[in-house]
Protein chains: 2
Amino acid sequence: MATIGDVARAAGVSRSTASYALSGKRAISEEVRQRVAEAARALAYTPNAGARALATSQTMVLGLLAQFYEDEFAPAMMQYIRAVSDTARTLGYDILLVTEADGARALRRITDSRMVDGVVLLNIAEHDERLPVLRAAPRPGASVGLPADCSGLDVFDLDFEEAGRVMVDHLHRLGHRELILISQPEHVVHRGGAYVWRLRDAAVQRARERGVTLHAVYGESRQPAVGRLLNTLLDTYPSATGLLLNNEAAAAALPSVARARGLRVPEDLSVIGRYSDDFAATFSLPYSFIESAPDRLGSMAVRHLVRRVESTTARDEPYVVRFISPELVSRGSTAVPR
Amino acid sequence: MATIGDVARAAGVSRSTASYALSGKRAISEEVRQRVAEAARALAYTPNAGARALATSQTMVLGLLAQFYEDEFAPAMMQYIRAVSDTARTLGYDILLVTEADGARALRRITDSRMVDGVVLLNIAEHDERLPVLRAAPRPGASVGLPADCSGLDVFDLDFEEAGRVMVDHLHRLGHRELILISQPEHVVHRGGAYVWRLRDAAVQRARERGVTLHAVYGESRQPAVGRLLNTLLDTYPSATGLLLNNEAAAAALPSVARARGLRVPEDLSVIGRYSDDFAATFSLPYSFIESAPDRLGSMAVRHLVRRVESTTARDEPYVVRFISPELVSRGSTAVPR
DNA sequence: CGCGATTGCCGAACCGGTTCGACAGATCGC
DNA sequence: GCGATCTGTCGAACCGGTTCGGCAATCGCG
């Protein structure tokens, strides 16, 4: 492989001149610049990333820490990853993907060894063990998901509280007075999935304010358990006219349950979900839903992170906690109750 | 951050001694080794990855080139990615994930700049434009998916031909004489998805050999089109007693179609799919299927790649094309025909 | 006791870039 | 015509590791 020394020799200049000619960081005569460029082209010169990283202490790589859980919908994670990766690339960065179970150790490894200029953390738990590591790390980071303590962090998440209120308000306005909310399984909460109770608590409170009866239950994450649960709930609360789903598995299972029961949506039951458009497409879900926008969140986190990485002034700006406001995508699955 | 110079000074030895003490590549007295280890611990020393890469010309990073298509099931890609990432980590490597649309250019970029020690290419098309780049690259690679020309490549794939034969044989042995095979949409073939016709052609031929009638059609990749197609086919070939699915979307849509038609599996219709166990779990599919084993394929590709990367003798071994033999996972969805 | 082999450490070079200071030659103003 | 400024290039140092050759001090052995 050709080094910058080879290029310099071929162009008849010194290494430093070759470097300046290629980077344009100092004035170089047009004639020399051309000779160097030509030599670089002819030798198929590509700078050695390690050497450059060593000299500039910039790797142009961002770490991406994904966290997988058995009971979570893998494609959702995929959407985050794609958004982060694509946005990073348009900003000139590559992605070091880390799927290690021990996220804290992995984070320490890639930041301490200077493999990355910054990190994006996905699937943040309420008391995420990676966060202390991130705060102490020599590299900036961006978290997707809301932890209990946001100090010293840039945090990006959907506004799940508002999502809960929007769901309740929407059905309340249509005249519904008794609703069912199916959340993720309770163990997701125990694991630190704060978004579950954030949406739930806000919905419960808003329902109380509006005089709406809300049956809030924790669901299951798999078939056939989640199908059975749907049936049980619909049997238990026959007078409920609206169903809110903060549970992907339940949303995916609902069409067949509804069909089996001869239940028409929205004539007999109004339905609002909370998931990503990609999820809706994969399962062909015919329900109105709150878009959880993994692509926007991922992209936002990366842009913010890169700003901090690249600008010394941005590096010292105060940390931000930024919420995406929930957007209700209508698919016609809500109506005035019978 | 502490450098090895800091560690050496703290331990009262030279940089080279510190290096040897930490790597163990030369004999070092136990006492000095301890002093150095202690100093490294105290200073929280972590070697600078760029510097090490420069010195050793090894980055301990593998590139992973994923290719996304609208009509493909994203979670499947996710399974490959996880398998590759997890296997790489157990072997001491990190993963540079590249999702760029222009895969050939991305591949050139990461190999020429020496960011990675090797690359794994996913979703290989029949005439994949990344392959010429890989062959010319200064780094070894492993391809998952079978291209038309395997020369100069290590290739790993499911044996789709055998999968087609296994499907046909299984139902033939049970007594079935008329089958339907739904493949991926035809445009997947045009894009270079060779696995589609590889399974199809082998199934067609085996059916001919066995005297079985096989209606082989290209399917759709989305609801509701794929649901309509299923209904049409079942109407068109009412005497068919077996259904073979090399099409994830069709498999996912089948349960509700069957229920709507009052079709019992396997009493009225025997069904065999071809997908991953993860896909089966996500959609709770109750069908026997040929496991497409993305985890095994990904893991295998990485292990082979790492062997080539690490051993100079392995580097010159002949290239391999390795097929995983299809495994039929029984879920009781096949039986003797009416 | 003397000599060669072994052990344990050090100094220096190297990997391949970037960047700072210096300097020669051209240009300018007065 | 001379000093000051500007322009374009070079040499050297540096980033932070690894590794080779060399050199004492110690050891084993006849």
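Quick note on labels: first sequence line is chain A, next is B, and so on, each numbered from 1. Values below: every heavy atom of this structure, side chains too, minus hydrogens, waters and symmetry copies.
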**Report entry** A/E126 vs A/R191, salt bridge (Lys or Arg N to Asp or Glu O under 4.0 Å): CA-CA, chis, key distance, verdict
**Finding:** CA-CA 8 Å; A/E126 204 166 359; A/R191 188 173 68 209; over 6 Å; no
Requested in this report: Begin from the C-alpha positions of A/D86 and A/R82 and carry the test salt bridge (Lys or Arg N to Asp or Glu O under 4.0 Å) through to its verdict.
Outcome: CA-CA 6 Å; A/D86 291 346; A/R82 283 204 61 184; 3.7 Å; yes
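DNA chain C is contacted by A/R15, A/S16, A/S19, A/Y20, A/K25, A/R26 of residues 9-28 of chain A, taking any non-hydrogen atom closer than 4.0 Å. If you check residues 107-119 of chain B against DNA chain C, you find no residue with a heavy atom closer than 4.0 Å. For the segment residues 42-55 of chain A, residues with any heavy atom less than 4.0 angstrom from an atom of DNA chain C are, sorted by number, A/Y45, A/T46, A/P47, A/N48, A/A51, A/R52, A/L54, A/A55.
Legend: residues meeting salt bridge (charged side-chain N to carboxylate O under 4.0 Å, His left out) with B/D128, ordered by chain and number and at least two apart, are B/R130. Partners of B/R35 according to the salt bridge (charged side-chain N to carboxylate O under 4.0 Å, His left out) rule, which considers only residues two or more places apart in sequence or in another chain, are B/E31. A search for salt bridge (charged side-chain N to carboxylate O under 4.0 Å, His left out) contacts involving A/R114 returns nothing, not counting sequence neighbours. The salt bridge (charged side-chain N to carboxylate O under 4.0 Å, His left out) search around A/D117 returns none, not counting sequence neighbours.
Between A/M78 and B/F68, some side-chain heavy-atom pair lies under the 4.5 Å cut-off. A/R52 places none of its side-chain heavy atoms less than 4.5 Å from the side chain of A/Q58.
Put simply, the side chain of B/S85 never gets that close to the backbone of B/I81: no donor and acceptor are under 3.5 Å apart. A donor-acceptor pair is defined here as one N or O able to donate and one able to accept, closer than 3.5 Å; such a pair exists between the side chain of B/D6 and the backbone of B/T3.
Atom CZ of A/R105 has 12 or fewer neighbouring heavy atoms from other residues, nucleotides or ligands inside a 6.0 Å radius.
A donor and an acceptor atom, one from each side chain of A/E30 and A/Q34, are located under 3.5 Å apart.
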Show me, pair by pair, the donor-acceptor contacts under 3.5 angstrom made by side chains of residues 19-27 of chain A, not counting sequence neighbours?
residue: A/S23; atom: OG; partner: A/S19; partner atom: O; Å: 3.2
residue: A/S23; atom: OG; partner: A/K25; partner atom: N; Å: 3.2

Side chains of residues 293-301 of chain A: which donor-acceptor partners sit under 3.5 Å, not counting sequence neighbours?
residue: A/S299; atom: OG; partner: A/T87; partner atom: OG1; Å: 3.3
residue: A/S299; atom: OG; partner: A/R303; partner atom: NE; Å: 3.3

Between side-chain atoms of residues 142-157 of chain A and protein atoms elsewhere (two or more places apart, or another chain), which donor-acceptor pairs fall under 3.5 Å?
residue: A/D149; atom: OD1; partner: A/S151; partner atom: N; Å: 2.9
residue: A/D149; atom: OD1; partner: A/S151; partner atom: OG; Å: 2.8
residue: A/D149; atom: OD2; partner: A/S151; partner atom: OG; Å: 3.2
residue: A/D154; atom: OD1; partner: A/R308; partner atom: NH2; Å: 3.1
residue: A/D154; atom: OD1; partner: A/V320; partner atom: N; Å: 2.9
residue: A/D154; atom: OD2; partner: A/R308; partner atom: NE; Å: 2.5
residue: A/D154; atom: OD2; partner: A/R308; partner atom: NH2; Å: 3.3
residue: A/D157; atom: OD2; partner: A/L146; partner atom: N; Å: 3.1
residue: A/D157; atom: OD2; partner: A/R198; partner atom: NH1; Å: 2.8

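Taking only side-chain nitrogens and oxygens, B/S29 never comes nearer than 4.0 Å to OP1 or OP2 of C/dT7.
Between chain A and DNA chain D, the heavy-atom contact criterion of under 4.0 Å yields a 5' to 3' nucleotide range of D/dG8 to D/dG16.
In the helix from C/dC1-D/dG30 to C/dC30-D/dG1, the end axes, each obtained as the rotation axis mapping the C1' atoms of four pairs onto the next four within a five-pair block, lie 40° apart to the nearest 10 degrees.
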